[in-house]
Amino acid sequence: MIKITFPDQSVREFPEGITGYEIAESISPRLAKEVLSITVNDQLWDLTRTIQTDASVKLHKWEDTEGKHAFWHSSAHLMAEALQALYPGTKFGIGPAIENGFYYDVDPGNGVSISETELPKIEKKMQELAREKSEYKRREVAKQEALKFFSHDPYKVELITDLEDGTISFYEQGGFTDLCRGPHLPSTEPIKAVKILSVAGAYWRGDEKRKQLTRIYGITFPKQKMLDEYLVMLEEAQKRDHRKIGKELDLFTFSQKVGQGLPLWMPKGAKLRERLETFLKKVQVKYGYEPVITPHIGNKELYVTSGHYAKYGADSFQPIHTPAEGEEFLLKPMNCPHHCEIYKARPRSYRDLPIRFAEFGTVYRYEQSGELHGLTRVRGFTQDDAHIFCRPDQLKDEFKKVIDIIFYIFKALDFKDYVAQISLRDPKNTEKYIGSEENWDKAERAIIEACAEKGLNTVTEMGEAAFYGPKLDFMIKDALGRKWQLGTIQVDYNLPERFELEYIGQDNSAHRPIMIHRAPFGSMERFVAVLIEHTAGKFPLWLTPEQAVILPISEKYNDYAKEVQNYLNKLDVRTILDDRNEKIGKKIRDNELKRIPYLLIVGEKEAEEGLVAVRKQGEGDKGAMKKEDFAAFINSEVNSMLAEIDE
RNA sequence: GCCGAUGUAGCUCAGGGGUAGAGCGCUUCCUUGGUAAGGAAGAGGUCAUGGGUUCAAUUCCCAUCAUUGGCUCCA
C-alpha cells in the first residue's frame, strides 16, 4: 500500500500502481466524471499513469487552469490527427494549449495552403474523431528511437535533438503519435464541442529568418453550451473594439491620404484626450514636475549621441535633408534626448535634484506595416513623457513616487486588471544592450527593490529590457484579451553618460545624475484605445466629451432648451442640444446609443417651471428637477469622483 | 516585413460577365408628437487603385495600396 496525501493534508492508503483516475473514482463517481488531470508530487501527470510510491496529489477539473490545459492540449493533438487525415503528409511543429484554447503550427507541404474556408471541415473531422473515444496512450522512448520515428518530420527531429535522452515521451491517440511531455486526458471522449477559430502564419520557433508555418487556432469545450456561451462572449467583446466605438462616437479616424498609422483626432476625441492630459498635468504639478516643450524634429547628431540612431536609424522614417550641405534632421522618435539637452543648458547643483521635466511629446516611429492596429499601435503618437534626473540616493524614492502616480491614475479610471512586469536584460545576449555591467546591476536592483517596497505584485521577464536600461511596465488587456503596455518606468544610466550630464555635488566636484524615463499613460493613443474598450465607450462623467444632451419634446420648446443649454454650459456642464424635428422616443433612442450619461427632456411642463426631466443613460427616467439643481448635482458628482481619486 | 482574409453610398452590409441594391444616416416636405425607431419625397457610388483576359469587367486573373487575424518587431 502507498500513502496518498491530498491538498487538505488528509492522507489515504491505496494499493501500489493506482492511477489518478481510480483515486478520483474512489472519492466520488461525479469527481471521476469531471477530473481531467492530476498533479503528482508537483508534476503534472495523466490520470492513467500509475502511482508507485507515496505521493501528494491534486486532482484538476475544468475549473482549474491545469485541467483546461490538459483538455486543450489533448484537443491540439486531436486537431493534428484530423489534419493528418485531411492533409496527408502534413508535418507538425508545436501544438500547445494557450490561455483560451490551443493552436498547432503545421506545414501542410508542397504548395498546399489551408484557408479559412476549410476550417469547418477540420472542425467536423475533429468531432468525428472525438466520438471514437480513442485513448491517449503515453510511452517513453529513447532518443534514437524517437529520431527514427520522426525521421520524415524535420520539425520534430529538431525538437527531439534539443531534448535529453530519457526525458522523451510520445502520446498516441487514434492513428496519431506525437512527441509530447503531456499530460493528456484519458481519452478524446470529453471533447464534445469544437470550434476552429482562425489560421495565421507563424515563424518556426518564432524566428523570422526561418520558415513560416501555418498556425491553426481552436478551442474546445466539454459541453456545446459552453462553446455557445464563449462565442457569444467573443461577439460581445468585439462590440467593445475601440476601432468600432471610435467610429461610432466620432472620436478619431484615419485617412489613407494622411498616411498609414497616423491617427486623426476628431473634436470629441480631442476633448476626451485633453481632459486626460489636464488631469495628469494637475497630478504632475503636485509631484513636482515642470513642463517643457521641444520640437518635433532634431538634428541627426542628437540621436547619434543618444544611441537611437545606431539602433533604429535604418528602420525609421528617413532623415529630412535641408538645402544646406550635410544637414540631416530626424522626426523625433523619443523625447529624452531633447530633455537631456535642456538639463545640460546650464550647470546643475545637487541641491537642484531631482529635476523632473514633463512634456506631452509627439513622436514618430516607423512601425512595420503589419503591426499597425487601430490606436494601439501607430506611427505618430503622443507620450505623456517625463524624465527625472536624480542623484543615486534619490533613485529608489523617485521610482516609488512614479509608481504612486500610476496607481493613482489606474484607480481614477478603474483599471484593476493589470500586470506589472519587470523587464530585465537577457543574460545570454548582452551585446544587445549599451552601458556597463555595473550600472545595469544597479538599475535592475533599484527597480526590484522599489517594487518590493511598494508591495507590487510583479512578473519578471528576462530579455525584455530596453536597450539602455531595465523597466517596469504596466500591461492591460484589451477587449479581445490582447495585452498592451500602458504605463512604463525605466531606469537609465546610459543617456546621462552619453550626453555627459553632470551636477556639482556637495564635495564641489562633478557627478553623473541618473535618469528615469516614465509615462503613466504610455501613449495617449493607446491609453484612450484601452479606455474605450474597458468602458465600452461609457466614459466616466468627469471625462466624457458630452455630459448631457437636451431633448426638446417638440420644436416649440427649442428656445427653452437653448436657454437650459446656455445655463448649464456657463456652469461648466458640457451639453449638446438635439433639436432635430423628431419624436422624443427617436431622440432618446439615438442619444442613448451615443452613450451620453444624462438625457434632459424638456417640454411644456419643464419650460413653465424651469425644470429638466432627467434620464440616466442605460437606467431610464429619473424624474424632473430644477435646472439649477441638475447643474449642482452633476458638478457635485464630478467633484466627488475626482475627490475620491484624490484620497 | 511575413502568411491568410477583406475592400460595393457617410455607416453596416447584400449582389453579381451586360455600366448597381437594402437598412441606417443626410436634405426637403408633412407632422409638433412626453421617455429606445412617425410618414413621404430626394440627393448620394469611376463598386480601393493600376494593368490583363473578354464584344463587354464592379464581377474573372495579376500587381499595388489600405484594412484586418496572427507571426516577427516595438527606443
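Note that the structure is a prediction, hence the values are computed from the model and not measured. Proteins come first, then strands; the chains are lettered A, B, ... in the order of their sequence lines, and each starts at number 1.
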Test of understanding: with salt bridge (Lys or Arg N to Asp or Glu O under 4.0 Å), list the residues that count as partners of A:Lys124, not counting sequence neighbours.
none
So which one's nearest nucleotide on RNA chain B is more toward 5', A:Arg589 or A:His308?
A:Arg589
Can you measure A:Leu611 atom CG to B:U35 atom P for me and round it to whole angstrom units?
17 Å
Applying the ring-ring contact (aromatic ring centres under 6.0 Å, His included) test to A:Tyr103, which of A:Tyr217, A:Trp72, A:Phe92 qualifies?
A:Tyr217
For nucleotides 43-51 of chain B, give me every protein contact, N/O to N/O, under 3.5 Å, one pair per line with atom names.
none

Do A:Arg365 side-chain and B:C74 base share a donor-acceptor contact under 3.5 Å?
no
Among A:Arg243, A:Lys244, A:Lys239, which residue satisfies the side-chain hydrogen bond (donor to acceptor under 3.5 Å, both in side chains) criterion with A:Asp241?
A:Arg243
All N/O pairs under 3.5 Å across the protein-nucleotides 28-32 of chain B interface:
{"residue": "B:C30", "atom": "N4", "partner": "A:Asn581", "partner atom": "ND2", "Å": "3.3"}
{"residue": "B:U31", "atom": "N3", "partner": "A:Asn581", "partner atom": "OD1", "Å": "3.3"}
{"residue": "B:U31", "atom": "N3", "partner": "A:Asn581", "partner atom": "ND2", "Å": "3.1"}
{"residue": "B:U31", "atom": "O4", "partner": "A:Asn581", "partner atom": "ND2", "Å": "2.3"}
{"residue": "B:U32", "atom": "O2", "partner": "A:Ser554", "partner atom": "OG", "Å": "3.2"}
{"residue": "B:U32", "atom": "O2", "partner": "A:Glu555", "partner atom": "N", "Å": "2.9"}
{"residue": "B:U32", "atom": "N3", "partner": "A:Glu555", "partner atom": "OE1", "Å": "3.1"}
{"residue": "B:U32", "atom": "O4", "partner": "A:Glu555", "partner atom": "OE1", "Å": "2.7"}

Reading RNA chain B 5' to 3', how would its secondary structure be written in dot-bracket notation, given Watson-Crick and G-U pairs with both distances under 3.5 Å, brackets [ ] for crossing pairs and | for partners on other strands?
(((((((..((((....[..)))).(((((.......))))).....(((((..]....))))))))))))....
Strictly by side chain to side chain donor-acceptor pair (under 3.5 Å), give each pair with a member in residues 332-344 of chain A just once, sequence neighbours left out.
A:Thr294-A:Lys332, A:Lys332-A:Asn335, A:Asn335-A:Gln383, A:Asn335-A:Asp385, A:His339-A:Glu359, A:His339-A:His387
Given atom CG of A:Asp207 and atom P of B:C2, what is their separation to the nearest angstrom?
16 Å
To the nearest Å, how far apart are A:Glu367 CD and B:C71 P?
16 Å
Sorted by number, residues from residues 230-253 of chain A placing a heavy atom under 4.0 Å from RNA chain B are A:Arg243, A:Lys247
Geometric class of the A:Tyr366/A:Phe317 ring pair [parallel <30°, tilted 30-60°, perpendicular >60°]
perpendicular
Are A:Tyr312 and the base of B:A75 stacked, counting only ring centres nearer than 5.5 Å and planes tilted under 30°?
yes
